[in-house]
Amino acid sequence: MQPETDEEENSKQHPLVFFDLETTGLGQDCEIIQLAAVNGGHSLNLYIIPRCRIQRGAARVTGFKVRGQRLYLHGQLVFTNSLKEVVVSFLTFLQMLGRPLLIGHNSRSFDCPLLARALDELDLRAEFQASVSGCVDTLPLARELLRDRRLQSFRQENLVRELLGINYKAHDALEDVRTLQTLYGFLQPTQDVVCRHKFTLDTMESKPAVPSSKS
DNA sequence: TGCCAGGCCCTCTTTAGGGCCTT
């Protein structure tokens, strides 16, 4: 069987998986606390106890706290898995859908490098690459599609409010991916636009986690 | 108490600087 050309690959309508991470902060040493993904009515929502301290700003916006090796979300104890269990579950979710396109907001700069680091730590990057057809970042996509609307902000929360008229619980990964799916449906990018914004983790540098002296 | 990062994009630009966006 001949491998597909880029043109053949790009013309395909792949299933869409929307994903989001909540983390301990914004720096390169931050760790994943929550991973959520959605495809239509199917969803995945898993939590991890981070090894490093949750930065104050991250705790404030996400509502996560670690107390006595337990993770709390807005004061409620949540069930957690190991990083490996979460990443393997995510891979299984992607594989079940048959090489979907992975979509996230500002994912090129934030979520995907973090995901790449987790995959490298578990030696699963190659398996991930074979499980998706590519990644798309809805931040530059929205900027291109909504160029004429003169929006003040392209933050996901703002786009959802301005375009869908919905105020939602931002900074909960599952809520974020559900609203991103709806937002993407509203934007209705053409296949051409999607291809222009498509990228892979191939060239994405995986920055090693720096042991935190703060924890 | 306040700050802590980094990639992308735009412009008052391109050899830079600053704002946006993610937690």
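All values below come from the heavy atoms of this structure, side chains included, with hydrogens, waters and symmetry mates left out. All chains are named by letter (A, B, ...) in the order of the sequence lines, taking the proteins before the strands, and each is independently numbered beginning at 1.
- Nucleotide B:dC8 holds its P atom 14 Å from the CG atom of A:Asp111, rounded to whole Å.
- Comparing the P positions of B:dG18 and B:dT1 gives an interatomic distance of 30 Å, to the nearest angstrom.
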Evaluate side-chain hydrogen bond (donor to acceptor under 3.5 Å, both in side chains) for A:Thr179 paired with A:Gln156, printing each intermediate quantity in order.
CA-CA 9 Å; A:Thr179 53; A:Gln156 184 179 325; 3.1 Å; yes
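- When the C1' atom is used for both B:dG19 and B:dC12, the distance is 14 Å, rounded to whole Å.
- At the heavy-atom level, A:Asp20 lies under 4.0 Å from the strands shown only through sugar-phosphate atoms.
- To the nearest 0.5 angstrom, A:Thr200 atom OG1 is 12.0 Å from A:Leu102 atom CG.
- Side chains of A:Gln152 and A:Glu162: a donor-acceptor N/O pair is absent below 3.5 angstrom, by distance only.
- Residue A:Ile33 is out of contact with every strand shown, counting any heavy-atom pair closer than 4.0 Å.
- Both A:Gly27 and A:Gln156 lie near DNA chain B, and the one whose nearest nucleotide falls closer to the 5' end is A:Gly27.
- No donor-acceptor contact under 3.5 angstrom links the side chains of A:Thr24 and A:Glu31, judged on distance only.
- Checking the phosphate oxygens (OP1, OP2) of B:dC3, no side-chain nitrogen or oxygen of A:Arg56 falls inside 4.0 Å.
- Near DNA chain B, meaning a heavy atom under 4.0 Å from it, residues 158-190 of chain A has A:His171, A:Asp176 in order of number.
- B:dT22 atom P lies 10 Å from atom CZ of A:Phe110, rounded to whole Å.
- No donor-acceptor pair closer than 3.5 Å links the side chain of A:Arg99 to the backbone N or O of A:Ser131.
- At a threshold of 4.0 angstrom between heavy atoms, the contacts of A:Leu139 are confined to the sugar-phosphate backbone, with no base atom among them.
- What separates CD of A:Glu22 from C1' of B:dT23 is a distance of 7 Å, to the nearest Å.
- Distance noted for atom P between B:dG17 and B:dT23: 29 Å (whole Å).
- For the pair A:Arg155 and B:dT22, the criterion of a side-chain N or O lying under 4.0 Å from OP1 or OP2 is met.
- Summarising the geometry, the separation between CG on A:Leu26 and P on B:dA5 is reported as 10 Å, rounded to the nearest angstrom.
- Among the heavy atoms of the strands, none lies under 4.0 Å from A:Thr24.
- The same atom, C1', is picked in B:dT14 and in B:dC9; the two are 13 Å apart, to the nearest Å.
- Put simply, A:His105 has a side-chain N or O that comes within less than 4.0 Å of OP1 or OP2 on B:dT22.
- Rounded to the nearest Å, the gap between the C1' atom of B:dT13 and that of B:dC8 is 15 Å.
- We find that CG of A:Leu114 is positioned 11 Å from C1' of B:dA5, with the value rounded to whole Å.
- For the salt bridge (charged side-chain N to carboxylate O under 4.0 Å, His left out) test, no residue two or more places apart in sequence or in another chain qualifies with A:Arg60.
- Expressed to the nearest 0.5 Å, how far OH of A:Tyr184 lies from CG of A:Leu159 amounts to 14.0 Å.
- The two residues A:Tyr47 and A:Val78 have their closest heavy-atom pair at CG-CG2, 4.1 Å.
- Within 6.0 Å of CZ on A:Arg70 lie no more than 12 heavy atoms contributed by other residues, nucleotides or ligands.
- For the pair A:Asn106 CG and B:dA5 C1', the interatomic distance rounds to 12 Å; values are reported in whole Å.
- Nearest to the side chain of A:Arg108, among B:dC8, B:dC21, B:dT23, sits B:dC8.
- At least one side-chain nitrogen or oxygen of A:Arg143 sits closer than 4.0 Å to the OP1 or OP2 atom of B:dC21.
- The distance from atom CD of A:Gln152 to atom C1' of B:dC21 is 16 Å, rounded to the nearest whole Å.
- The interatomic distance linking A:Leu151 (CG) with B:dC20 (C1') rounds to 14 Å, in whole Å.
- Contact annotation: A:Ser153 side-chain N/O to B:dC21 OP1/OP2 distance is under 4.0 Å.
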